[in-house]
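To start, the structure itself, in C-alpha cells.
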There are 2 protein chains.
Amino acid sequence: MTRGRAAHAVPAGARVANPRPETAEKRQRILEAAMSIFATRGYNNGSLIEIGEEAGVSHAGVIHHFGSKDQLLIAMLEYRDDSDVAELEGKHIPDGAALFDHLVRTVELNIERPGVVQLYAVLCADSVTEGHPAQDYFRARFVGLREMVRGALADVVPEASDARVDLAASTIIATMDGLQVQWLLDRSAVDMPEAVRLVIASVIDRLRSEAR
Amino acid sequence: MTRGRAAHAVPAGARVANPRPETAEKRQRILEAAMSIFATRGYNNGSLIEIGEEAGVSHAGVIHHFGSKDQLLIAMLEYRDDSDVAELEGKHIPDGAALFDHLVRTVELNIERPGVVQLYAVLCADSVTEGHPAQDYFRARFVGLREMVRGALADVVPEASDARVDLAASTIIATMDGLQVQWLLDRSAVDMPEAVRLVIASVIDRLRSEAR
DNA sequence: GTCTATATTGAGATAGAC
DNA sequence: GTCTATCTCAATATAGAC
C-alpha cells in the first residue's frame, strides 16, 4: 500500500505451503536479500529489482513468491524473528536477572551484525509514518518487549510499584534503540554494551532506593 | 542525490540573500509545509508536489527556491533549529542541573507537537541509510548533544571519570530518542517526561555511587 | 519570480510465453 | 514456477511562456 493503488486480492502463489524444497530455498534467498537491501537503503528506497538481483531472480519472481512489496517486508520481519528463535535452540527467553544478561549479550552480538541493527533501526522509525505496512508489527513488538522487561524487573525489584516498573521497562528498551542510531552514525562514539549495562544497573538501583 | 542522477550545479535562485520580504515569506511557508509533509510521510515518501500544495505554490516553485529536494531538507532542518533558538530568546542553553530541567521541559513541550517529534524520529533513523542527505546533519547533532549533556553531568557529578560521563551522556540522549518512537506508535503506552526524569536521576545516582 | 507543460527516470504490478 | 515485456503511476527536474 505504499503507492496510491487500492488493495487487491492476494495473487496466487503467495503464501502457499511450499511443497518443493527448491522453492523454499529460493524464498529464503529472497528473504536474505530483502534484509540486506532494506537495511542499507530503507524500505521505500530499496527496490524489488535490487532484491531480485541479489537473490538471483527477476523482480517478477520476487512478487510471484510474496505477492507484493509490503507482504515481502512482513515476511522478512517474521523470518528474522524465526532465525533468532532458532539460534536460541529451544531455550526460552530467560526471566529475572538472566534476562538482563541476555539483553547485554544480544547487544554484544549486534555489534558483529550492523546490517541487522540498521534494518531494525530504519524500519522501526519508518513504521511510525502513516499507513506503513510494518506499523502493527512494531507496535506488537514493543508491547511484547515491554512485557518481557517488566516481568524481569518485577523479579529483581519486587518491592517496586507497577507504575515504576512499567516506566523503567520502557526506558531500558528505549535506551537500547536510541543507542543503535548513535552507533550506526559513528561506531567509535558509543560503547553500546557498556551503556546498556549502565542503564540497567542504574534503573534497578533507583527502583530499589525509591521503594525504600 | 536520492535518485541515480549525477550531481549538478545549484540552479540559480537557490540560496540567494532574498532581497524581497515577500520571497522570504514564501520560503518560510514552504519550509513549514516541508516540516509537516516530511513528518507525516517521511523523506522519501513525501513529495515536492504535496509540499507545494500545502505551501500554495507549484512544485516547480519549491525547486526554484531551494534547488532540489535534498537541499530543501537541509534548509528545513536548519530552519527548525533556528526556530528553537528563537524561542529561547537569547538565553543560552543552561549548564549543570538546569540543563536536565531543560531537557525534561523540552520533552513536555514535545508532547504538544507530535509532528516535530515524528519529523526528527523518522529523519534521524532514515539518515543512517547510505548516502542520505541529512547524515552529516545528524552526526553533528549527536556530537553536539553528547557534549552538552557531558558538560552538565560533569558539573553535577564532578567525581565521575570522563569515560563514565561519556557513557552516561550517550545513554540519556538515547533514552529520549528511543522513547519517542515507542510514544509515536502508542501515545498511551509511555509517559515520556517521567521516563526521562527516571533515567536522568538513575544515571546520576549511579555515577555518584560508582565514584564513592 | 511563478506558472504550465513536458522530459526523464524509476517504481510496483500484470500478462503471457516457455 | 520463472522469465521477458509491458502497463500504469508518480516522482524529480527542466524549459519556456508570462
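In what follows, every chain begins at residue 1, and chains take the letters A, B, ... in the order their sequences are listed.
- Salt bridge A:Asp84/A:Arg113: present, at least one basic N to carboxylate O contact under 4.0 Å.
- Spacing between atom NZ of B:Lys69 and atom P of C:dT9 amounts to 18 Å, rounded to whole angstrom units.
- The CZ atom of A:Arg29 sits 15 Å away from the P atom of D:dG1 (whole-angstrom rounding).
- Residue B:Gly52 is classed as having no contact, given no heavy-atom separation below 4.0 Å to the nucleic acid.
- For B:His65, the listed nucleotide lying nearest its side chain is C:dT2; candidates were D:dT4, D:dG1, C:dT2.
- Taking the side chain as every heavy atom from C-beta outward, B:Val143 and B:Arg146 approach each other to under 4.5 Å.
- Between the side chain of A:His59 and the base of C:dA13, at least one donor-acceptor pair of N or O atoms lies under 3.5 Å.
- Side-chain nitrogen and oxygen atoms of B:Ser58 include at least one within less than 4.0 Å of the OP1 or OP2 phosphate oxygen of C:dC3.
- Taking atom CD1 of residue A:Ile63 and atom P of nucleotide D:dG1, one finds them 17 Å apart after rounding to whole Å.
- Put simply, CD on B:Glu25 is 16 Å from C1' on C:dT2, counting in whole angstrom units.
- Distance from the side chain of A:Ser47 is smallest to C:dA11 among D:dT4, C:dA11, C:dG1.
- Per the geometry, NE2 belonging to A:His64 stands 14 Å off C1' belonging to C:dA13, to the nearest Å.
- Across the protein-nucleic acid pair, A:Glu53 atom CD and D:dT4 atom P stand 12 Å apart, rounded to whole Å.
- Nearest-nucleotide assignment on DNA chain C puts the 5′-proximal partner with A:Glu50, out of A:Glu50 and A:Ala60.
- A:Phe138 and A:Tyr120 have perpendicular rings, their planes meeting at more than 60° on a 0 to 90° scale where under 30° would count as parallel.
- In this entry the distance linking CD1 of A:Ile37 with C1' of C:dG10 reads 16 Å, nearest Å.
- The one candidate from B:Glu25, B:Glu32, B:Arg27 that meets the side chain to side chain contact (heavy atoms under 4.5 Å, CB included) condition with B:Arg29 is B:Glu25.
- Computed from coordinates, the B:Leu48 CG to D:dA11 P distance equals 9 Å when rounded to whole Å.
- Side-chain polar atoms of A:Tyr137 and A:Glu78 form no donor-acceptor pair below 3.5 angstrom.
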